[in-house]
Amino acid sequence: DLLTGAVRQFFAERIFGAGRRALLAAQFPADAAERAARDQVAAEALHQRLEQIEAAETAHAREIEALAAETTAAPAAVTALRSRILARFTELEDERASITAQLTQLDHYCQPAPDLDLLDQLPVIGDLLADLPAPLHAQAYEVLSLELVYSHDRQALLRATITTSTRPPWPPSSASATP
């Protein structure tokens, strides 16, 4: 009952309420372009570091090739140098994996600035769900891709996604229903 009430309030205020645009705008940074620019700078720096790692690993590989042809150096010295080069190569590979994970995370969490105008395409009708029969609630949740994440400390995160992509007509008309 608590979650149902929270979902109804969420829809009444944030999806179909008159103040929804201001509420959404308050959730996002004042300048989403600034955030995107910071993410771009961070990604460029990570890509540059990947290029440096590639160059260093190539140099280490060439050094090992040169050592293979070396016949006058003491075997213990060659073994020690190879061990150090391989250790450094391993460090560089670990750093490459870390950077790749950071880039993946940047790509995953990088979101375009929200289009607040999409909200204006929805009617302002307040607590719509109060008057809908229960079966239509599920369709409303589906159309708006409702996500509800409940944590054990009695907190719930609600998220609805409004996009420009075409969705099935809602509410469905009886003429478009198929047997």
Side-chain angles (χ1 to χ4, degrees), residues 1-51 53-54 93-179:
D1 288 341
L2 288 174
L3 289 177
T4 301
V7 170
R8 281 187 50 203
Q9 181 180 359
F10 173 78
F11 271 80
E13 292 175 3
R14 297 187 172 266
I15 304 297
F16 298 116
R20 62 193 178 196
R21 187 179 182 106
L23 289 169
L24 182 61
Q27 282 186 252
F28 292 96
D31 189 2
E34 181 181 316
R35 184 188 69 229
R38 281 194 313 266
D39 289 349
Q40 180 64 30
V41 167
E44 288 172 3
L46 291 171
H47 283 292
Q48 184 178 17
R49 181 61 187 144
L50 283 176
E51 290 175 9
I53 289 171
E54 184 67 29
E93 277 300 302
D94 290 345
E95 186 180 357
R96 179 194 303 271
S98 173
I99 288 172
T100 302
Q102 290 175 44
L103 286 169
T104 300
Q105 190 174 23
L106 268 176
D107 287 344
H108 180 72
Y109 290 108
C110 182
Q111 297 177 354
D115 184 358
L116 300 179
D117 294 334
L118 286 175
L119 277 177
D120 295 335
Q121 295 180 22
L122 294 175
V124 176
I125 49 181
D127 193 3
L128 169 73
L129 296 180
D131 297 327
L132 285 179
L136 290 181
H137 287 201
Q139 290 180 0
Y141 302 158
E142 176 73 24
V143 166
L144 296 171
S145 303
L146 179 70
E147 296 177 53
L148 185 141
V149 179
Y150 180 76
S151 65
H152 294 290
D153 58 352
R154 298 180 54 89
Q155 292 186 3
L157 168 71
L158 293 164
R159 177 180 306 148
T161 305
I162 301 168
T163 67
T164 57
S165 63
T166 304
R167 294 283 190 163
W170 187 83
S173 66
S174 57
S176 64
T178 56

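We're numbering straight along the sequence, starting at 1.
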Exercise. If you round to the nearest 0.5 Å, how far is CD of Glu142 from CG of Leu136?
Worked result: 13.5 Å

For this session: Can you see which heavy atom on Leu158 is nearest to which on Ala6, and at what distance?
Result: CD1-O, 3.7 Å

For this session: Not counting sequence neighbours, which residues clear side-chain contact (heavy atoms from CB on, under 4.5 Å) with Glu147? List them please.
Result: Arg159

Exercise. Going by atom types only, do Gln48 and Glu44 share a side-chain donor-acceptor pair under 3.5 Å?
Worked result: no

Exercise. How far does CD1 of Ile99 sit from CG of Asp94, to the nearest 0.5 angstrom?
Worked result: 11.0 Å

Exercise. Do Tyr141 and Val7 come close enough that some side-chain heavy atom pair is under 4.5 Å?
Worked result: yes

Exercise. Looking at residues at least two apart in the chain, or sitting in another chain, which of them share a ring-ring contact (aromatic ring centres under 6.0 Å, His included) with Tyr150?
Worked result: none

Exercise. Rounded to the nearest 0.5 Å, how far does CD1 of Ile53 lie from OG1 of Thr100?
Worked result: 8.0 Å

For this session: Could you pull out all residues at least two apart from Glu54 that satisfy salt bridge (Lys or Arg N to Asp or Glu O under 4.0 Å)?
Result: Arg96

Exercise. So how far is it from Leu106 CG to Arg38 CZ, rounded to the nearest 0.5 Å?
Worked result: 11.5 Å

For this session: Starting at CG of Leu24, measure out to CZ of Arg14 and round the result to the nearest 0.5 Å.
Result: 8.5 Å

Seminar exercise, completed: Arg21 meets the side-chain contact (heavy atoms from CB on, under 4.5 Å) criterion, sequence neighbours left out, with Leu116, Asp117, Asp120

Exercise. Quick one: side-chain contact (heavy atoms from CB on, under 4.5 Å) partners of Gln102, sequence neighbours excluded?
Worked result: Leu46, Ser98

For this session: Supply the atom-to-atom distance Leu50 CG to Glu95 CD, rounded to the nearest 0.5 angstrom.
Result: 8.5 Å

Problem set entry | Validation row, ring centre Phe16 to ring centre Phe10 under 6.0 Å | no

For this session: Could you list the residues that satisfy side-chain contact (heavy atoms from CB on, under 4.5 Å) with Gln155, not counting sequence neighbours?
Result: Ser151, Asp153

